[in-house]
Amino acid sequence: MIQIDALPAFNDNYIWLLQDTDTRRCAVVDPGDAAPVQAWLEAHPQWQLSDILITHHHFDHVGGVEKLKSATGARVAGPAAEKIPARDLDLNDNDEIVVLGLRFQVMAVPGHTLGHIAYYDGEQNLLFCGDTLFAGGCGRLFEGTPQQMHQSLSRLAALPARTKVYCTHEYTLSNLRFAHAVEPDNLRLSERLAEVTRWRAEGRISLPSNIELELATNPFLRTREPSIIAAAKGRENGQSSEPSAIFASLRTWKDSF
């Protein structure tokens with residue numbers, strides 16, 4: 001049985017901790033800081049860190065890798081197209097990696113960075129997507145183009161509705177506030193915004209999300225919806241109604257929201 005917990009890091013990062021309760025082996029996703037992982041391992045001395053999965057090269061996702069590998073000997077896997085510290089296994093699109101008995105498909109999702117990857121297990125319906133798809137939003141375009149990011153999000157949006165979305169930042173509330181500004185008449189979105197507002201006031205984590213919920217409330221996955229098209233075009237008169245153009249308009253709007 002695999003248990004998944006979030007180890008908070010920095011101001012709003014989550015390091016995902018996967019635990020195989022049968023073998024007492026564990027894995028982490030995007031450990032930007034070694035300290036939270038080391039603290040957990042020290043509190044659970046019977047557990048062994050076996051794997052470190054990386055989605056992209058930004059420091060808040062890889063900063064703790066070398067220290068953790070040195071201390072535990074864990075296998076480090078990450079995108080082949082990016083410089084990842086202490087990497088043992090280079091991963092490309094459609095590769096497969098088995099971690100704690102989970103069989104992850106590697107998905108190339110450029111946009112936030114050019115070599116960004118996500119990890120998807122179709123049997124357990126798990127998606128670790130780094131900074132590509134967020135709950136209620138998506139990552140900034142530091143390296144890729146709007147077209148690349150739109151294509152990457154469309155690929156993730158096509159996963160089964162029950163897929164659990166484990167992204168790496170607690171951005172949900174701010175994302176939903178933007179989403180509500182774009183689509184104020186979306187009842188499901190209004191309900192989600194109210195719910196997450198309560199959760200965060202209580203200090204509760206807002207993740208994981210799921211694909212069904214994102215399709216219903218995340219404007220960056222709803223670029224074909226008439227209400228989203230109207231809102232985006234209302235900010236840029238004469239703009240194309242093509243989904244990638246609507247996405248680009250939304251991302252620009254969000255950057256200054």
Side-chain angles (χ1 to χ4, degrees), residues 4-18 28-33 36 55-56 58 60-61 109 111-113 116 118-120 125-142 149-150 152-157 159-223 225 227-228 231-232 247 250-257:
I4 302 174
D5 292 316
L7 301 179
F10 307 118
N11 292 326
D12 50 37
N13 281 63
Y14 291 127
I15 300 167
W16 293 108
L17 173 69
L18 290 68
V28 290
V29 182
D30 286 346
D33 185 2
T55 61
H56 66 291
H58 285 165
D60 63 322
H61 294 250
V109 284
H112 182 68
T113 67
H116 201 303
Y119 299 86
Y120 170 63
N125 301 299
L126 306 174
L127 174 67
F128 295 92
C129 50
D131 288 358
T132 298
L133 173 62
F134 287 134
C138 73
R140 287 179 178 266
L141 305 181
F142 287 112
M149 185 62 123
H150 177 258
S152 294
L153 291 172
S154 297
R155 188 177 183 187
L156 297 181
L159 294 174
R162 62 185 177 276
T163 302
K164 294 180 181 178
V165 176
Y166 292 88
C167 52
T168 321
H169 289 277
E170 184 58 75
Y171 290 164
T172 312
L173 187 54
S174 61
N175 286 339
L176 292 178
R177 287 170 176 158
F178 171 72
H180 191 261
V182 175
E183 200 175 17
D185 296 328
N186 182 330
L187 179 59
R188 183 85 180 276
L189 171 56
S190 297
E191 292 172 346
R192 187 184 187 190
L193 175 58
E195 180 178 55
V196 172
T197 299
R198 290 194 302 271
W199 286 353
R200 297 306 295 150
E202 297 166 359
R204 291 177 55 185
I205 185 173
S206 68
L207 302 171
S209 180
N210 62 72
I211 293 296
E212 186 276 330
L213 182 57
E214 295 309 310
L215 288 171
T217 61
N218 187 330
F220 296 101
L221 302 190
R222 295 171 57 78
T223 54
E225 293 293 322
S227 57
I228 300 291
F247 169 82
L250 291 174
R251 186 60 259 181
T252 300
W253 182 2
K254 177 66 166 64
D255 287 344
S256 60
F257 183 74

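None of the values given here were measured: they were computed from a predicted structure.
T172 and R177 are not linked by any side-chain donor-acceptor pair at a separation below 3.5 angstrom, with hydrogens and angles left out of the test. Side chains of D30 and H56: no donor on one and acceptor on the other come within 3.5 Å. With 3.5 Å as the limit, one finds a donor-acceptor pair spanning the side chains of R192 and T217.
Considering CZ of R204 and CD of E195, their distance stands at 7.5 Å, rounded to 0.5 Å. Atom CG in L193 sits 11.0 Å away from atom CG in N186 (nearest 0.5 Å). Here H169 contributes atom NE2 and N11 contributes atom CG; the two are 10.5 Å apart, rounded to the nearest 0.5 Å. One distance of note links CD1 of I15 with CG of D5; it measures 12.5 Å at 0.5 Å rounding. In this structure, CZ in F134 is found 7.5 Å from CG in N175, a value given to the nearest 0.5 Å. The distance from atom OG1 of T163 to atom CG of L127, rounded to the nearest 0.5 Å, is 7.0 Å.
Looking at every heavy atom in both residues, G136 comes nearest to L176 through CA-CD2, 4.0 Å. Nearest heavy atoms, I228 versus T223: CG2-CA, 4.2 Å. Considering every non-hydrogen atom in both W253 and A181, the closest pair reads CH2-O, 4.3 Å. I211 and L159 get closest at one heavy-atom pair: CG2-O, 3.7 Å. The two residues A135 and S209 make their nearest non-hydrogen contact at CB-CB, 4.1 Å. Listed here is the closest heavy atom pair of L133 and C167: O-CB, 3.3 Å.
Residue D255 places its CG atom among more than 12 non-hydrogen atoms of other residues, nucleotides or ligands, all under 6.0 Å distant.
For the side chain to side chain donor-acceptor pair (under 3.5 Å) criterion with D131, the lone passing option out of H116, H61, R140 is H61. Under the ring-ring contact (aromatic ring centres under 6.0 Å, His included) rule, Y166 has a single partner from W16, Y14, Y119, Y120, which is W16.
A donor-acceptor pair under 3.5 Å is absent between the side-chain atoms of N13 and the main chain of P8, judged by distance alone. Although no hydrogens or angles enter the test, the distance criterion places a donor-acceptor pair under 3.5 Å between the side chain of E170 and the main chain of S206.
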- Task: Could you give me the CA-CA distance, side-chain angles and deciding distance for N218 and L213, then say whether side-chain contact (heavy atoms from CB on, under 4.5 Å) is met?
- Result: CA-CA 8 Å; N218 187 330; L213 182 57; over 6 Å; no
- Task: Output, in order, the C-alpha distance, side-chain angles, deciding distance and verdict of side-chain contact (heavy atoms from CB on, under 4.5 Å) for T113 and H58.
- Result: CA-CA 9 Å; T113 67; H58 285 165; 3.4 Å; yes
- Derivation and outcome, salt bridge (charged side-chain N to carboxylate O under 4.0 Å, His left out), residues E214 and R222: CA-CA 9 Å; E214 295 309 310; R222 295 171 57 78; over 6 Å; no
- Full working for side-chain contact (heavy atoms from CB on, under 4.5 Å) between R251 and L141: CA-CA 8 Å; R251 186 60 259 181; L141 305 181; 4.1 Å; yes
- Item | Test log, rule side-chain contact (heavy atoms from CB on, under 4.5 Å), inputs L221 and L153 | CA-CA 7 Å; L221 302 190; L153 291 172; 3.8 Å; yes
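Two residues are said to be in side-chain contact when any heavy atoms from C-beta on lie closer than 4.5 Å; F128 and I4 meet this criterion. For the pair C129/T55, no side-chain contact is recorded, criterion being any heavy-atom separation below 4.5 Å from C-beta on.
Ring-plane geometry between F247 and H150 is classed as tilted, the angle between the planes lying from 30 to 60 degrees on a 0 to 90 degree scale.
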